Trainee: 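Before we start, here is the structure in question, set down as structure tokens.
Every value quoted in this text rests on a predicted model; they were computed, and no experiment measured them.
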Amino acid sequence: MRHIDRAERTVVCPTPAATSALGRALGSVARAGDLMCLWGELGAGKTHLAKAIGAGLGVTATITSPSFILMAEYEGRLPLFHIDLYRLAGAADAL
């Protein structure tokens with residue numbers, strides 16, 4: 001059984017380039033079953049980071065915010081499921 005590290009970390013990226021570097025690094029070391037949750041206000045850079053994670057995973061498709069479709073799936077070294085729950089008030093809204 002794989003140990004699950006539920007550690008929470010706060011990383012401050014002062015520039016878009018730093019955010020891109022972080023995302024590419026996360027994508028390059030991601031393993032099957034890993035879950036990364038991003039939260040923040042509109043414009044905080046969540047989709048920018050998701051695009052960089054995708055790049056680190058080898059995703060070649062254009063990654064966009066799935067705000068109105070809730071989830072988009074992209075093929076890479078591992079599949080990337082980009083889920084945006086920002087507009088949902090609660091779990092029942094997803095159903």
Trainee: Please find the pair of heavy atoms, one from Pro66 and one from Ala72, that lie closest to each other, and give the distance.
Mentor: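 Here Pro66 and Ala72 meet closest at CB-N, 4.1 Å.
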Trainee: Using a 4.5 Å cut-off between side-chain heavy atoms of Ile, Leu, Val, Met, Phe, Trp and Tyr, which other residues end up in the same hydrophobic cluster as Leu85?
Mentor: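 Under the 4.5 Å side-chain rule, Leu85 groups with Leu70, Met71, Phe81, Ile83, Leu88.
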Trainee: Connecting only ILVMFWY residues whose side-chain heavy atoms lie within less than 4.5 Å of each other, what is the rest of Leu57's hydrophobic cluster?
Mentor: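 Listed partners: Val11, Leu22, Leu26, Met36, Leu38, Leu49, Ile53, Val59, Ile63, Tyr74, Leu78, Leu80.
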Trainee: Where do Ala50 and His82 come nearest, in terms of heavy atoms and distance?
Mentor: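 Looks like CB-NE2, 3.8 Å.
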Trainee: Does Ala44 have any side chain to side chain contact (heavy atoms under 4.5 Å, CB included) partners at least two apart in sequence or in another chain, and if so, which?
Mentor: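 So Ala44 forms a side chain to side chain contact (heavy atoms under 4.5 Å, CB included) with Lys46.
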Trainee: Using atom types as modelled and distance alone, determine if a side-chain donor or acceptor of Asp34 lies under 3.5 Å from a backbone N or O of Ala30.
Mentor: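 Checking the backbone N and O of Ala30 against the side chain of Asp34, no donor-acceptor pair under 3.5 Å is found.
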Trainee: Check Arg24 against Ala55 and note the closest heavy-atom contact, atom names and distance.
Mentor: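 Between these two residues, the closest heavy atoms are CG-CB, 4.1 Å.
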Trainee: Among pairs that include at least one residue of residues 48-57, which meet side chain to side chain donor-acceptor pair (under 3.5 Å), considering only residues two or more places apart or in two chains?
Mentor: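 Side chain to side chain donor-acceptor pair (under 3.5 Å) check on residues 48-57 returns Ser20-His48.
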Trainee: Can you name the residues that form a side chain to side chain contact (heavy atoms under 4.5 Å, CB included) with Ser65, not counting sequence neighbours?
Mentor: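 Ser65 satisfies side chain to side chain contact (heavy atoms under 4.5 Å, CB included) with Thr47, Ser67, Asp84 only.
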Trainee: Just jot down the side chain to side chain contact (heavy atoms under 4.5 Å, CB included) partners of Thr62, sequence neighbours excluded, or say none.
Mentor: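 By the side chain to side chain contact (heavy atoms under 4.5 Å, CB included) rule, Thr62 matches Thr64.
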Trainee: Which ILVMFWY residues are connected to Ile69, directly or by a chain of links, through side-chain heavy atoms under 4.5 Å apart?
Mentor: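 Taking Ile, Leu, Val, Met, Phe, Trp and Tyr as members, Ile69 stands alone, with no cluster partners.
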